[in-house]
Participant: 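Take this structure first; my questions come after.
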There are 2 protein chains.
Amino acid sequence: MARVGLTAERLARAGAELADEVGFDQVTVSALARRFDVKVASLYSHVKSSQDLRTRIALLALEEMADRGAAALAGRAGKDALAALANVYRDYAREHPGRYAAARLRLDPEAAAASAGGRHAHMTRAILRGYDLTEPDQTHAVRLLGSVFHGYVSLELGGGFDHSAPDSEETWTRILDALDALLRSWPAA
Amino acid sequence: MARVGLTAERLARAGAELADEVGFDQVTVSALARRFDVKVASLYSHVKSSQDLRTRIALLALEEMADRGAAALAGRAGKDALAALANVYRDYAREHPGRYAAARLRLDPEAAAASAGGRHAHMTRAILRGYDLTEPDQTHAVRLLGSVFHGYVSLELGGGFDHSAPDSEETWTRILDALDALLRSWPAA
DNA sequence: GGGATTTGCCTATAGCTTGTAGGTAGCTGC
DNA sequence: GCAGCTACCTACAAGCTATAGGCAAATCCC
């Protein structure tokens, strides 16, 4: 009875890979067991449920994205920082569509609190230090940026911009320009 | 053997209701059969597969949203039109979260072509007639608006803005103001 | 080193879901 | 009123989630 060395950690990582290969909603306990060449029931010693597995993958993805974001923001400010963080999200989503989908999973409050969600919000606020916004406008802007990043990436990943000109790359650049301009002259209430 | 009067149409409608009640990804052929008090296999005469059912719900939702959008846009222009269409999406998503999720389903090209997707793009372009944008900026703007609408609604629905001030209502208003301002002074390339 | 304990993976089982094949009862048209 | 179509049925196969209980490998401890 050879021991493979399963842990919740390894399962989450393998689940993340699986998600990128076959899509997040195709990640099942069964598929993961097959990948480790192990019986399904064995996984339940490490993971509470299918939902628990998904949550772990989501937390992993959020953490990875936050790490990349932090690295990208280091030493940058203003529009430079804006573009850097935006590209982190977009590139991550294109490299790891399954993980990105996982990161969009609705977490229960407890998991959300333990997640890297706070780091993400913090990074967006850091960007806004390069612009002249005070509360509550800063929060409005944080939410706008979050919406655009997530919305664009999600539509692009869904193939929404595939078959029409101009190409997505150009639009992305121009949207970042537009956001920069908007933040520099944010309209008063 | 009482006949219930199942049709693909009725199944899609009931599926949409079910989605709003329990979430789109909880919509199963089995659950729908229970709802009609009918055996599961009976549904397969009307619907090719679980995927087919989901697609029909998605098409229904896209159509409903497009109808609402068209009604809201009638007689409006400029910022008025912008806010009207934006609110259609947001309100629809809040009234019908399951249907909204369905509308985000990735459709195969054939289904996409037969969907109301074209009407949605057309409506967004109609709004931009109130602003001074020429191609390719108009397309960039269409994509930006789509991203913001979808992104914001999606984050809001996910509870992202629930536990922090200011409330989502205010942010939404200010984002629409900001988009209007941005479209009026869209930065040159 | 060897017994006790913990831990990792196992078999077995039950319930739920998707999907197919083939049968039967009810409606429709003539 | 009966022929034929259609709607719904039973039966079944296969896959996924989840739990219970068992055996063996690793680890602890003297």
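First the proteins, then the strands, lettered A, B, ... as listed; each starts at 1.
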Participant: Looking only at side-chain atoms of A/V40, point me to the closest of C/dT18, D/dC9, D/dT17.
Facilitator: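 Looking only at heavy atoms from C-beta outward on A/V40, the closest nucleotide is D/dT17.
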Participant: Taking the six-membered ring for Trp, is the centroid-to-centroid distance between A/Y152 and A/F161 below 6.0 Å?
Facilitator: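 Yes - the distance between ring centres of A/Y152 and A/F161 falls below the 6.0 Å cut-off.
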Participant: What is the distance, to the nearest angstrom, from the CD atom on A/Q51 to the P atom on D/dT17?
Facilitator: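 It is 12 Å, rounded to the nearest whole Å.
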Participant: Round to a whole Å and report the spacing from OH of B/Y44 to C1' of D/dA13.
Facilitator: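 For the pair B/Y44 OH and D/dA13 C1', the rounded distance is 13 Å.
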Participant: Classify the nucleic acid contact of B/A31 as base, sugar-phosphate or nothing, counting any heavy atom under 4.0 Å across all strands shown.
Facilitator: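 The residue B/A31 makes no contact with any strand.
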Participant: Is the shortest side-chain N/O distance from A/S50 to OP1 or OP2 of D/dT17 below 4.0 Å?
Facilitator: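 So the side chain of A/S50 is within the cut-off, an N or O lying under 4.0 Å from OP1 or OP2 of D/dT17.
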Participant: Quick one: which of D/dC8, C/dC9, C/dG19 gets closest to the side chain of B/S49?
Facilitator: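 Closest nucleotide to the B/S49 side chain: C/dG19.
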Participant: For B/L32 and D/dC8, give me the distance from atom CG to atom P, rounded to whole Å.
Facilitator: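 In whole Å, D/dC8 P lies 13 Å from B/L32 CG.
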Participant: Any salt bridge linking A/E64 with A/R13? Criterion: basic side-chain nitrogen under 4.0 Å from a carboxylate oxygen.
Facilitator: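 A/R13 and A/E64: not salt-bridged.
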Participant: When you measure from the side chain of A/K39, which nucleotide among D/dA18, C/dC10, D/dC9 comes out closest?
Facilitator: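 For the A/K39 side chain, the nearest candidate turns out to be C/dC10.
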Participant: Does the ring centre of A/H96 sit less than 6.0 Å away from the ring centre of A/Y92?
Facilitator: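 Ring-ring flag for A/Y92/A/H96: true, centres closer than 6.0 Å.
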Participant: How long is the line joining CG of B/L6 and C1' of D/dC9, in whole Å?
Facilitator: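 Checked: the CG to C1' distance equals 12 Å.
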Participant: Whole Å only: how far is the CG atom of B/L43 from the C1' atom of C/dT18?
Facilitator: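 Computing the B/L43:CG to C/dT18:C1' distance gives 12 Å.
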Participant: Taking atom P of C/dG19 as reference, at what distance in whole Å does atom CG of B/D52 sit?
Facilitator: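 That distance rounds to 10 Å.
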Participant: Looking at A/D37, I'd like to know if its CG atom is crowded, meaning that more than 12 non-hydrogen atoms belonging to other residues, nucleotides or ligands lie closer than 6.0 Å.
Facilitator: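 No, CG of A/D37 has 12 or fewer neighbouring heavy atoms, counting only those of other groups under 6.0 Å.
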Participant: Under 4.0 Å from OP1 or OP2 of D/dA7: is there any side-chain N or O of B/S42 that close?
Facilitator: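 No.
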Participant: In terms of the nearest nucleotide of DNA chain D, which residue is placed more toward the 5' end: A/K48 or A/R34?
Facilitator: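 Counting from the 5' end, the first nearest nucleotide belongs to A/R34.
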Participant: Between atom CZ in B/R10 and atom P in D/dA7, what is the gap in whole Å?
Facilitator: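 Going from B/R10 (CZ) to D/dA7 (P), I get 13 Å.
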Participant: Could you tell me how far apart B/H46 (NE2) and D/dC5 (C1') are, to the nearest whole angstrom?
Facilitator: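 Between C1' of D/dC5 and NE2 of B/H46: 14 Å.
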Participant: Does A/S30 reach a base, just sugar-phosphate, or nothing at all? Heavy atoms under 4.0 Å.
Facilitator: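 The residue A/S30 makes base contact.
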Participant: Name the closest nucleotide to the A/V29 side chain, picking from D/dT17, C/dC9, D/dT10.
Facilitator: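 Within the option list, the nearest is D/dT17.
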Participant: Hey, is A/R143 close enough to B/E170 for a salt bridge, meaning N to O under 4.0 Å?
Facilitator: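 No salt bridge links A/R143 with B/E170.
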